[in-house]
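Residue indices begin at 1 and follow the sequence shown. This structure is a prediction, so every number in the text was calculated from the model and none was measured.
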Amino acid sequence: MTIADLIAQTGLPADADITATLPGLTWHVTTPLKRAGITTIGELRARSEAELLEIPQFGQRRLDMLKAALHRGEER
């Protein structure tokens, strides 16, 4: 399942701050996203997984952590 699919299932608003909306994420995940200018759910949804993996210090493990946090958000 893609990031966009997971976000769609959570119903999170596009203007929601990633850090506030997904509090289980560590700085290891949020810092590279912030450096890339991705701070909201909408900005995250606009990126493909391939684009996210191109962000320095944001590899597959951190992508998996992000997906897990979105999946937990879906369960709320």
Side-chain angles (χ1 to χ4, degrees):
M1 188 169 283
T2 67
I3 293 287
D5 292 337
L6 286 168
I7 290 171
Q9 288 183 354
T10 64
L12 294 170
D15 63 348
D17 181 83
I18 292 170
T19 308
T21 307
L22 303 171
L25 288 179
T26 67
W27 64 269
H28 296 95
V29 176
T30 59
T31 299
L33 291 175
K34 286 180 185 178
R35 287 185 182 146
I38 302 170
T39 59
T40 67
I41 294 295
E43 292 165 343
L44 181 60
R45 182 177 32 217
R47 303 286 183 104
S48 70
E49 290 184 19
E51 290 172 313
L52 292 173
L53 291 171
E54 291 176 4
I55 296 171
Q57 303 299 312
F58 193 89
Q60 186 64 49
R61 183 170 176 220
R62 292 185 181 159
L63 179 62
D64 292 343
M65 293 169 73
L66 178 60
K67 285 181 163 185
L70 286 167
H71 184 70
R72 286 190 303 272
E74 172 188 331
E75 294 171 349
R76 290 181 196 170

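Shortest non-hydrogen contact noted between Asp15 and Thr40 is O-CG2, 4.0 Å. What you find for Ala36 and Ile55 is that their closest heavy atoms are CB-CD1, 3.8 Å. Across Pro32 and Phe58, no two heavy atoms sit closer than the pair CB-CB, 4.1 Å. In terms of heavy atoms, Leu70 sits closest to Leu12 at CD2-CD1, 4.4 Å.
Every residue meeting the salt bridge (charged side-chain N to carboxylate O under 4.0 Å, His left out) condition with Glu49, not counting sequence neighbours, appears here in chain and number order: Lys67. Evaluation of the side chain to side chain contact (heavy atoms under 4.5 Å, CB included) rule for Ala14 yields Arg45 as partners, not counting sequence neighbours.
The shortest distance between side-chain heavy atoms of Lys34 and Thr19 falls below 4.5 Å. Contact of the Ile3 side chain with the Leu63 side chain is registered, since non-hydrogen atoms from C-beta on lie closer than 4.5 Å. Put simply, the side chain of Leu52 reaches to within 4.5 Å of the side chain of Ile38, judged on heavy atoms.
Taken from CG in Leu25 to CE in Met65, the straight-line distance is 7.0 Å, to the nearest 0.5 Å. Taken to the nearest 0.5 Å, the CG atom of Leu44 stands 4.5 Å off from the CD1 atom of Ile18. To the nearest 0.5 Å, the span separating CD1 on Ile41 from CG on Leu22 amounts to 5.0 Å.
For the 3.5 Å distance criterion, the side chains of Asp5 and Gln9 fail to qualify, holding no donor opposite an acceptor.
When Val29, Leu53, Thr31 are each tested for a side-chain contact (heavy atoms from CB on, under 4.5 Å) with Arg62, only one passes: Val29.
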